[in-house]
Novice: 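Let me begin by handing over the structure; questions about it come next.
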Amino acid sequence: MFTKTRETIWSALETVKDPEIPVISVVDLGIICEVKIENDTAYITMTPTFVGCPAIDYMRNQIKKAVEEIGFEKVEVKVDMNRKWSTNDISEKGKKLLAEFRLSPPPHLEGEVELTDLQAACPHCGSKDTSMNSPFGSTLCRAMYHCKHCGLAFEQFKPK
């Protein structure tokens with residue numbers, strides 16, 4: 001049996017992985033906004049990476065299940081569409097995990113940036129001699145790039 005604390009909830013949330021990038025947790029992805037406990041009920045607030053993200057309901061259910069497994073009978077997971085998620089919310093650990101997954105992590109950015117103005121580091125060889133092939137990758141949050149150094153194609157998590 002676990003002690004019902006915010007810390008145990010955060011630990012449980014570390015086990016919930018993004019279904020499109022199964023190496024990174026919802027915590028390291030930066031989509032968990034708030035965790036609180038009131039009257040034996042766990043309240044978790046999350047913000048999706050994109051409003052139209054097809055994995056919102058799946059992640060909400062996985063979050064609820066993970067917190068129930070540590071002993072909370074009442075778990076409420078709220079999706080906050082008002083808070084604007086940013087790739088700057090991804091933890092440093094999360095960025096390393098993205099790179100190990102061969103998905104170029106987004107740079108830390110301030111202000112508005114045009115996607116076409118950005119260069120991505122190749123997750124295969126580390127070269128920044130890359131070019132964007134398409135702003136559309138396998139999911140809404142990725143763009144396709146080509147590395148001129150090693151010749152391999154890769155995706156970058158789109159900065160937002």
Novice: Among residues at least two apart in sequence or on other chains, which ones pass salt bridge (Lys or Arg N to Asp or Glu O under 4.0 Å) with Lys93?
Specialist: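 Partners of Lys93 by the salt bridge (Lys or Arg N to Asp or Glu O under 4.0 Å) criterion, ordered by chain and then number, come out as Glu14, Asp28.
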Novice: Do the ring planes of Phe154 and Tyr145 sit parallel (below 30°), tilted (30 to 60°) or perpendicular (above 60°)?
Specialist: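 The arrangement is parallel - the two ring planes meet at less than 30°.
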Novice: For residues Cys33 and Lys78, determine if any side-chain heavy atom of one lies less than 4.5 Å from a side-chain heavy atom of the other.
Specialist: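 Answer no - side chains too far apart.
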Novice: On the six-membered ring of Phe72, is Lys4 placed so that its NZ or CZ lies under 6.0 angstrom from the centre and within 45° of the ring axis?
Specialist: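 Because its charged atom sits under 6.0 Å from the ring centre and within 45° of the axis, Lys4 does stack over Phe72.
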Novice: Counting only heavy atoms not in His108, do more than 12 fall under 6.0 Å of its NE2?
Specialist: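 Counting neighbours around NE2 of His108, more than 12 heavy atoms of other residues, nucleotides or ligands fall under 6.0 Å, so yes.
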Novice: Do Phe136 and Ile21 share a hydrophobic cluster (ILVMFWY, side-chain heavy atoms under 4.5 Å, transitive)?
Specialist: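 As far as the 4.5 Å side-chain criterion goes, Ile21 and Phe136 are not connected within one cluster.
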Novice: Going by heavy atoms in the side chains, are Ser91 and Val27 under 4.5 Å from each other?
Specialist: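 Sidechains of Val27 and Ser91: no contact.
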Novice: To the nearest 0.5 Å, how far apart are CZ in Arg102 and SG in Cys122?
Specialist: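 Arg102 CZ to Cys122 SG: 8.0 Å, rounded to 0.5 Å.
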Novice: May I ask you to say whether Glu38 pairs ionically with Lys36, meaning some side-chain N is under 4.0 Å from a carboxylate O?
Specialist: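 Yes, Glu38 and Lys36 are salt-bridged.
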Novice: Thr130 and Ala120: which non-hydrogen atoms are nearest, and at how many Å?
Specialist: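 Answer, listing the atom of Thr130 first, then Ala120: OG1-O, 2.6 Å.
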Novice: Taking the side chain as C-beta and beyond, is there a heavy-atom pair between Pro22 and Phe101 under 4.5 Å?
Specialist: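 The answer is yes; the side chains approach within 4.5 Å.
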Novice: Answer yes or no: is there a donor N or O on one side and an acceptor on the other, between the side chain of Asn61 and the main chain of Tyr58, under 3.5 Å?
Specialist: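 Pair absent, no side-chain N/O of Asn61 close to backbone of Tyr58.
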Novice: Heavy atoms, side chains only, cut-off 4.5 Å: are Met59 and Thr49 in contact?
Specialist: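 Met59 does not reach Thr49 side chain to side chain.
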Novice: Restricting to non-hydrogen atoms, name the atom on Lys95 and the atom on Pro105 that form the minimum distance, rounded to 0.1 Å.
Specialist: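 The pair with the smallest heavy-atom distance is O-CG, 3.6 Å.
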Novice: Start with the C-alpha distance between Met46 and Ile63, add both sets of side-chain angles, then the distance that settles side chain to side chain contact (heavy atoms under 4.5 Å, CB included), and finish with yes or no.
Specialist: CA-CA 9 Å; Met46 65 177 275; Ile63 289 167; 3.7 Å; yes
Novice: Could you go through Ile9 and Ile70, starting from their C-alpha distance and side-chain angles, then the distance that decides it, and tell me whether this counts as side chain to side chain contact (heavy atoms under 4.5 Å, CB included)?
Specialist: CA-CA 8 Å; Ile9 293 173; Ile70 61 169; 4.1 Å; yes
Novice: Decide yes or no for Lys148 and Ser127: does some side-chain heavy atom of the first lie under 4.5 Å from some side-chain heavy atom of the second?
Specialist: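 No, side chains not in contact.
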Novice: Is the backbone N or O of Ala55 less than 3.5 Å from a side-chain atom of Glu20, with the two atoms forming a donor-acceptor pair by type?
Specialist: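 No: the side chain of Glu20 does not pair with the backbone of Ala55.
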Novice: Going from OG1 on Thr47 to CG on Asp80, what distance comes out if it is rounded to the nearest 0.5 angstrom?
Specialist: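 The CG atom of Asp80 is 4.5 Å from OG1 of Thr47, to the nearest 0.5 Å.
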Novice: Check whether any side-chain heavy atom of Arg60 lies under 4.5 Å from a side-chain heavy atom of Asp57, and answer yes or no.
Specialist: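 In contact.
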Novice: Kindly compute the distance separating SG (Cys141) from CG (Leu29), expressed to the nearest 0.5 Å.
Specialist: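 These two atoms lie 8.0 Å from each other.
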Novice: Can you give me the closest heavy-atom contact between Cys125 and Cys147, atom names plus distance?
Specialist: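 Answer, listing the atom of Cys125 first, then Cys147: SG-SG, 3.6 Å.
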Novice: Which pair of non-hydrogen atoms, one from Ala42 and one from Val67, has the smallest distance, and what is that distance?
Specialist: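 It is CB-CG1, 3.7 Å.
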Novice: Check whether Val77 and Val35 end up in the same hydrophobic cluster, where Ile, Leu, Val, Met, Phe, Trp and Tyr are linked by side-chain heavy atoms less than 4.5 Å apart.
Specialist: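 Both belong to a single hydrophobic cluster.
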Novice: Could you state the interatomic distance from CD (Glu155) to OG1 (Thr139), rounded to the nearest 0.5 Å?
Specialist: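 Going from the CD atom of Glu155 to the OG1 atom of Thr139 covers 6.5 Å.
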Novice: Can Asn133 and Ser131 be said to form a side chain to side chain contact (heavy atoms under 4.5 Å, CB included), step by step?
Specialist: CA-CA 6 Å; Asn133 287 354; Ser131 62; 4.2 Å; yes
Novice: Can you list the steps and then say if Leu103 with Arg142 is a side chain to side chain contact (heavy atoms under 4.5 Å, CB included)?
Specialist: CA-CA 9 Å; Leu103 183 59; Arg142 301 181 197 184; 3.9 Å; yes
Novice: Check the hydrophobic clustering (I, L, V, M, F, W, Y; side-chain heavy atoms under 4.5 Å; chains of links allowed) and say if Ile56 and Ile32 are grouped together.
Specialist: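 Linked, Ile56 and Ile32 end up in one cluster.
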Novice: How close do Ser104 and Gln156 get, heavy atom to heavy atom, and via which atoms?
Specialist: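 The answer is O-CG, 3.2 Å.
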Novice: Do Met144 and Leu152 sit in one hydrophobic cluster, given that two such residues count as connected whenever their side-chain heavy atoms are within less than 4.5 Å of each other, even indirectly?
Specialist: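 No, Met144 and Leu152 fall in different hydrophobic clusters.
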Novice: Can you name the closest pair of heavy atoms from Lys64 and Val75 and give their distance?
Specialist: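 Answer, listing the atom of Lys64 first, then Val75: CE-O, 3.6 Å.
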Novice: According to a 4.5 Å side-chain heavy-atom criterion applied to Ile, Leu, Val, Met, Phe, Trp and Tyr, with indirect links allowed, do Tyr43 and Met81 form part of one hydrophobic cluster?
Specialist: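 The answer is no; the residues belong to distinct hydrophobic clusters.
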Novice: As an exercise, state the distance from NE2 of His146 to CG of Asp129, rounded to the nearest 0.5 Å.
Specialist: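 The distance works out to 10.0 Å.
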Novice: Any non-hydrogen side-chain atom of Leu97 less than 4.5 Å from a side-chain atom of Lys17?
Specialist: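 Leu97 vs Lys17: side chains apart.
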Novice: Taking everything shown except Phe50 itself, do over 12 heavy atoms lie less than 6.0 Å from its CZ?
Specialist: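 Atom CZ in Phe50 is packed in, count exceeds 12.
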Novice: Hey, are the side chains of Ile24 and Ile90 touching, using non-hydrogen atoms and a 4.5 Å cut-off?
Specialist: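 Ile24 reaches Ile90 side chain to side chain.
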